[in-house]
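Not measured: the values here are computed from a predicted model. Both backbone and side-chain heavy atoms feed into the values below; hydrogens, waters and symmetry mates do not. Counting starts at 1 for both ligands and their atoms, following the listed order.
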Amino acid sequence: MKNIAIAGNPNCGKTSLFNNITGANYHVANYPGVTVEKKEASVKHNGSVFNIVDLPGTYSLSPYSLEEVVARDYVVNEKPEVVVDVLDASNLERNLYMFVQFMELEVPVVLALNMVDVAKKRNIHIDVDLLAKKLGAPVVETVARENKGTGLLLDRIDDFINSGKPKPDFKISYGQDIDSTLDKMTPIVEKNDFLTDKYPARWVALKYLENDEQVHAQGALNMEVHKKLLDITDELNNHLRSTLKVTAENLIADYRYGFINSILKGVVVAEESNMDRLFLSDKIDKVLTNRLFGPLLMIAFLYGIYEVTFWASEFPVGWLETAFGWLSGIVDAGLNDGLLKSLIISGIIDGVGGVLGFAPLILFMFFAIAILEDSGYMARTAYMLDRVFRFFGLQGNSVVAYIVSGGIAGGCAVPGVMAARTIKGEKERLITILTAPFMPCGAKLPIYALIIAAFFQEHRSTIMLGITLISWLLALIVARILGAFVLKEHSSAFVMELPPYRMPTLKGLIIHAWERCWMYIRKAGTVILAISILLWVLMTFPGLNAEEEQAFESQIAAVEQNYTKDVLLEAGSDAEEVSEPASELRDKLATIDAEMAAMNIKESVAGKIGIALESVTKYAGFDWKTNIALVGGIAAKEVVVSALGTAYSLGEVDIEDSVPLAESLISKSGWTMANALSLLTFILLYSPCFVTVVAIAKETGSWKWASFTVVGYTLVAFLASIAVYQIIA
Ligand code: GDP
Ligand code: MG
């Protein structure tokens with residue numbers, strides 16, 4: 001079994017190539033200790049068995065981002081037989097940067113020159129044989145999207161292994177100053193066996209000059225040599241600063257690009273006319289990232305997405321609702337009144353259906369976001385907002401995480417928190433993860449819709465927009481505050497990548513939209529199902545005692561006494577249209593039923609908890625019924641509205657149609673504007689839902705921050721709600 005790792009820049013076609021080789025027959029896991037996805041599969045080729053691994057996409061092998069660390073660690077620790085470095089043929093200069101780093105790590109590399117179709121279209125001619133000769137590594141042309149060149153690539157890998165994996169026999173020269181320093185450092189590294197069990201000696205020296213934190217940390221175990229190498233580095237940097245006004249780190253990068261340029265001379269010939277096409281992206285950017293029009297167009301695009309998503313999903317959301325209503329109807333008709341029926345309808349169908357019903361909206365939403373991402377526009381958004389976001393201790397790329405989380409109302413914080421993986425810099429990444437859950441996600445929308453319908457009928461869309469803006473503002477303010485407490489280092493200033501615009505493919509869009517939507521659906525099927533059932537149990541048991549039940553039964557008997565047998569039968573029938581007395585009887589019985597249900601909840605476990613909390617929550621204007629809903633909301637925001645509905649016995653809770661619900665909320669709850677605003681404040685600020693908390697724990701690698709978002713945010717939310725309530729009431 002031979003390990004083959006596929007590496008390369010983001011979007012160069014790694015995954016497409018991986019799928020071509022493995023036939024999409026792979027299994028997915030995480031790299032040890034981190035939540036970066038690892039796809040792996042084994043294939044047979046000409047009698048050899050290859051174990052293929054798809055490495056995360058990176059621009060370099062310096063440990064600036066999690067992806068880069070993962071890719072480098074994999075190559076260093078697992079020592080794959082061959083690394084396939086995938087290059088975007090239309091962008092060779094930047095893509096070869098990784099190859100140079102692999103070469104310095106003395107990793108055996110076979111190059112897949114991908115996207116040659118794009119290069120051809122742009123009239124970029126590449127002399128493949130010359131490239132292979134100059135680089136000293138096999139190069140195979142591929143078009144991964146059309147599955148071209150896959151077989152040849154595997155043949156070449158085989159040949160390369162059989163021929164003993166010859167190494168390129170040259171070193172990059174970094175100029176007089178650095179070269180002589182490297183010559184001084186390398187023997188020290190070698191003599192002391194300093195990290196040489198893992199790395200080549202010259203590479204270790206080079207990494208000291210590049211201030212590589214990971215290598216520093218590993219090297220610090222041998223303090224003596226570590227110090228020596230740091231001293232030599234300092235000496236060189238002082239010298240370079242006084243003579244060239246640069247640091248070794250910058251100079252090394254310059255020389256690498258210089259080396260790449262010299263390789264490309266005579267290998268790549270771009271015809272005159274194509275330079276125009278290459279600059280097309282630049283031209284588009286002149287407009288799209290213009291200081292004035294850029295932000296305006298951005299808002300227009302985002303608004304457009306909003307409109308299209310809601311328009312397109314209206315019908316499927318309606319269908320699903322009908323389907324769940326139909327399902328409830330069947331259960332209602334097929335089962336006798338009792339615990340089982342109540343469990344299935346109120347516990348399972350309402351709970352899960354309420355969430356699944358939103359799935360089409362989420363799917364369209366993520367499809368629109370995928371268009372922005374795949375076309376390269378999202379990178380421009382990040383670029384434009386980078387400066388503003390930096391002020392708050394975040395980064396341009398945080399915008400993507402925010403938008404996915406619901407920054408354009410309707411997202412979901414779980415994929416949003418994961419989207420933070422693209423952020424360079426530990427501190428920025430952490431703060432983004434901790435603040436993204438403030439966005440108005442799809443599950444919070446029904447709560448906001450309900451409160452708006454009840455109290456702000458007049459200016460619905462303005463208030464909704466206001467809530468969205470306040471959410472962004474809150475997230476940014478909290479980010480700024482957290483920045484003062486988070487001790488990790490800020491990322492060094494980095495240049496934002498502006499990848500060329502690319503026409504997204506339908507397949508790519510569908511895959512990306514589906515991946516994120518699936519997380520949401522899975523949540524409905526697992527966590528929400530469990531929580532709905534649990535909440536149902538807590539709100540149902542222990543139930544009324546015999547005496548109370550007796551009291552209600554005699555009430556019913558007293559009412560029924562006043563009607564004839566015929567009316568009783570008629571009222572009990574399935575008929576919708578009934579005579580006046582029968583309808584009157586139905587109303588009276590329904591009222592008693594509702595009172596009974598209310599009493600049942602009050603005496604249930606959830607009711608007891610809600611009542612116990614009332615002693616403190618009353619200062620924020622929350623009664624015990626609201627408490628039940630809010631505690632449920634820590635588990636999943638989706639259950640807040642349905643729990644309110646049950647607790648206040650508002651009747652059928654129909655999320656889409658929040659107006660009647662809102663009316664009965666006002667009449668039955670006795671809420672005032674102060675209650676509403678206090679609740680709104682609380683929901684804006686309090687704990688993320690359970691699934692998001694788990695995602696935060698996974699992504700930050702610790703439960704410390706995850707618990708902080710539950711306890712800390714809830715406390716802050718509570719204090720803020722008290723303030724709002726006390727001021728207004
Ligand atoms: P990864 O990020 O490196 O895994 O790249 P993907 O495999 O996801 O590919 C990124 C995009 O480039 C997708 O839209 C692919 O369909 C497209 N793509 C991949 N290979 C080629 C190719 O050889 N030619 C063209 N024109 N497009 C390609
Ligand atoms: Mg990929």
Are any of the side-chain heavy atoms of Val69 and Gln214 separated by less than 4.5 Å?
yes

Salt bridge (charged side-chain N to carboxylate O under 4.0 Å, His left out) against Glu699, all qualifying residues, sequence neighbours excluded
Arg421, Arg429

Less than 4.0 Å between a side-chain N and a carboxylate O, is that true for Arg390 and Asp386?
yes

SB check Arg72 Asp212 (cutoff 4.0 Å):
yes

Number the atoms of ligand 1 from 1 as they appear, then name those within less than 4.0 Å of a heavy atom of Ser16, with their elements.
6 (P), 7 (O), 9 (O), 15 (C), 19 (C)

If I apply the N/O under 3.5 Å rule, does Thr142 come out as touching ligand 1?
no

To the nearest 0.5 Å, what is the distance between CG (Asn51) and CE (Met1)?
4.5 Å

Are any of the N or O atoms of Val116 closer than 3.5 Å to those of ligand 1?
no

Give a yes/no on ligand 1: does Cys12 have at least one heavy atom closer than 4.0 angstrom to it?
yes

Does Lys165 come within less than 4.0 Å of Glu81, counting only side-chain N to carboxylate O?
yes

Ligand-residue contact atoms, ligand 1 with Thr15, heavy atoms, under 4.0 Å:
1 (P), 4 (O), 7 (O)

Which of the ligand 1 atoms, numbered from 1, are nearer than 4.0 Å to a heavy atom of Asn114
20 (N), 21 (C), 23 (O)

Nitrogen or oxygen of Met115 less than 3.5 angstrom from that of ligand 1
yes

Which is it for Val143 and ligand 1 at heavy atoms under 4.0 Å: side chain, backbone, both or neither?
both

Which segment of Asn11 sits under 4.0 Å of ligand 1 when only heavy atoms are counted:
both

May I ask you to check whether Tyr377 and Phe301 place their ring centers less than 6.0 Å from one another?
yes

Which residue pairs pass the salt bridge (charged side-chain N to carboxylate O under 4.0 Å, His left out) test when at least one of the two sits in residues 251-263, sequence neighbours left out?
Glu104-Arg256, Glu210-Arg256

Counting from 1 in the order shown, the ligand 1 atoms closer than 4.0 Å to a non-hydrogen atom of Val118 are 25 (C), 26 (N)

Decide whether an N or O pair under 3.5 Å exists between Ala144 and ligand 1.
yes

